[in-house]
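Small disclaimer: the values here were computed from a predicted structure and weren't measured. What you see below is based on every heavy atom in this structure, not just the backbone, and it leaves out hydrogens, waters and symmetry mates.
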Amino acid sequence: MARHDLPQFSRFSELLAAIAGVWEGTYTHLEPAGTLIERYGSRQETRLRGEDWFERIIYSRDGQAPEVLDFKARITGDTVTFDDPDFHGVSYLVEGRMTVFPYHWKSNPGREIVEIITLATDTYRTRLWQTFDNGVLTRLTVIEETRRLEQTPDEWF
């Protein structure tokens, strides 16, 4: 096959293919001044199928049943767009291992979250959420995650 016949993959697709899998970590929610609001465990399962990106996040709070959220997104060039009846956001590749992801829940139009994802190594990443309510910073969330190479994500959707 000639080089020009090969499928053209975006840099974002290449990054997502490299990080697909299972990530486990901790969410730490803080007030803007740094006071702890809440801390709990998480598991994120991700997979890439063509131009479709799938995420399942399982939140584990002490004394509560796990909370599961499923997301599906579409890759277009160096952006990934999440848009379903409840949720909308577009993730942008800033450089090879960092993304910025502003998003919102459609049921709460006054709240916007900006997530910065940094893939420090192939098995360690951090995510920082800045939550704004009506344009005012109300919460910071620090997420620290480790990739579980021995585990594979479940199939859903």
Side-chain angles (χ1 to χ4, degrees), residues 10-49 52-75 78-84 86-105 107-108 110-133 135-157:
S10 72
R11 293 179 312 145
F12 215 149
S13 293
E14 291 171 5
L15 174 64
L16 292 175
I19 66 167
V22 176
W23 294 82
E24 293 181 344
T26 303
Y27 280 62
T28 303
H29 298 287
L30 306 166
E31 292 180 358
T35 304
L36 178 65
I37 299 169
E38 180 181 28
R39 180 178 285 134
Y40 51 86
S42 69
R43 175 182 174 93
Q44 185 178 51
E45 301 179 7
T46 59
R47 59 189 166 86
L48 180 64
R49 297 288 184 268
D52 293 325
W53 176 250
F54 301 89
E55 292 183 11
R56 169 170 279 171
I57 305 172
I58 304 164
Y59 301 106
S60 302
R61 292 177 175 91
D62 289 340
Q64 297 182 27
E67 178 185 359
V68 179
L69 296 178
D70 292 333
F71 301 95
K72 181 180 177 187
R74 186 77 159 166
I75 301 166
D78 284 334
T79 65
V80 177
T81 302
F82 293 77
D83 194 18
D84 65 36
D86 301 320
F87 184 83
H88 178 78
V90 179
S91 187
Y92 302 90
L93 184 63
V94 176
E95 59 88 22
R97 298 175 78 81
M98 183 180 293
T99 65
V100 174
F101 179 39
Y103 66 90
H104 68 275
W105 295 93
S107 63
N108 191 352
R111 175 173 285 172
E112 181 176 24
I113 299 170
V114 179
E115 179 180 47
I116 300 167
I117 304 170
T118 303
L119 183 64
T121 70
D122 290 341
T123 58
Y124 176 79
R125 70 181 180 191
T126 60
R127 298 188 286 139
L128 174 65
W129 293 354
Q130 298 175 77
T131 302
F132 296 89
D133 287 308
V136 176
L137 180 67
T138 58
R139 178 183 287 207
L140 297 168
T141 302
V142 178
I143 306 149
E144 193 173 24
E145 297 171 307
T146 302
R147 188 172 182 194
R148 302 298 182 208
L149 295 172
E150 72 283 2
Q151 298 178 20
T152 57
D154 288 336
E155 292 286 328
W156 69 94
F157 272 111

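- Ring-centre distance between Phe71 and Phe87: below the 6.0 Å cut-off.
- Inter-residue side-chain proximity for Glu115 and Thr141 is flagged as unmet; no heavy-atom pair is nearer than 4.5 Å.
- The two atoms that bring Ala73 and Val80 nearest to each other are CB-CG1, 3.4 Å, heavy atoms only.
- Nearest heavy atoms, Val22 versus Thr152: CG2-C, 3.6 Å.
- Taking the six-membered ring where tryptophan is involved, the planes of Tyr27 and Trp129 are perpendicular, since the angle between them exceeds 60° and thus also 30°.
- Contact annotation: the side chain of Gln64 never approaches that of Tyr40 to less than 4.5 Å [non-hydrogen atoms, C-beta and beyond].
- No side-chain heavy atom of Glu144 sits less than 4.5 Å from a side-chain heavy atom of Thr28.
- Ser60 has its side chain out of reach of Arg43: every pair of non-hydrogen atoms, C-beta onward, lies at least 4.5 Å apart.
- Between the side chain of Asp78 and the backbone N or O of Phe12, at least one donor-acceptor pair lies under 3.5 Å.
- The backbone N or O of Leu119 sits less than 3.5 Å from a side-chain atom of Arg97, completing a donor-acceptor pair.
- Contact record, Tyr103 with Gly89: CB-CA, 3.7 Å, taken as the closest heavy-atom pair.
- Note that CG of Asn108 is 6.5 Å distant from CG of Asp133, once rounded to the nearest 0.5 Å.
- Counted within 6.0 Å of CG on Asp62, heavy atoms from surrounding residues, nucleotides or ligands total 12 or fewer; the atom is thus considered open.
- Atom CZ of Arg125 is separated from atom CD of Glu145 by 4.0 Å, given to the nearest 0.5 angstrom.
- For the residue pair Ile19 and Thr46, the shortest heavy atom distance occurs at O-OG1, 3.7 Å.
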Checking side-chain contact (heavy atoms from CB on, under 4.5 Å) for the pair Phe82/Glu55: CA distance, chi angles, key distance, verdict? CA-CA 10 Å; Phe82 293 77; Glu55 292 183 11; 3.6 Å; yes
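- Annotation: side chain of Arg111 is not in contact with side chain of His104 (no heavy-atom distance under 4.5 Å).
- Residue His88 holds its NE2 atom at 6.5 Å from OG1 of Thr81, rounded to the nearest 0.5 Å.
- Arg147 places a side-chain N or O within donor-acceptor distance of the main-chain N or O of Ala20, the cut-off being under 3.5 Å.
- For the atom pair CD1 (Ile143) and CD1 (Ile116), the distance works out to 11.5 Å, reported to the nearest 0.5 Å.
- Here the OG atom belonging to Ser91 is positioned 9.0 Å from the CG atom belonging to Leu15, to the nearest 0.5 angstrom.
- Here the side chains of Leu140 and Val142 are not in contact, with every heavy-atom distance at 4.5 Å or above.
- The distance from the CZ atom of Arg127 to the OG1 atom of Thr99 is 9.5 Å, given to the nearest 0.5 Å.
- Residues Leu30 and Leu36 meet the side-chain proximity criterion, which asks for heavy atoms closer than 4.5 Å.
- Taking both residues in full, the closest heavy atoms of Leu48 and Ser13 are given as CD2-O, 3.7 Å, listed atom of the first, atom of the second, then distance.
- Counting heavy atoms from C-beta outward, Asp52 and Arg74 have side chains that approach closer than 4.5 Å.
- For Arg39, there are no salt bridge (charged side-chain N to carboxylate O under 4.0 Å, His left out) partners, not counting sequence neighbours.
- When all heavy atoms of Asp86 and Asp84 are compared, the closest pair comes out as N-OD1, 2.7 Å.
- Of the possible donor and acceptor atoms, one in the side chain of Thr121 sits under 3.5 Å from a partner among the backbone N and O of Thr123.
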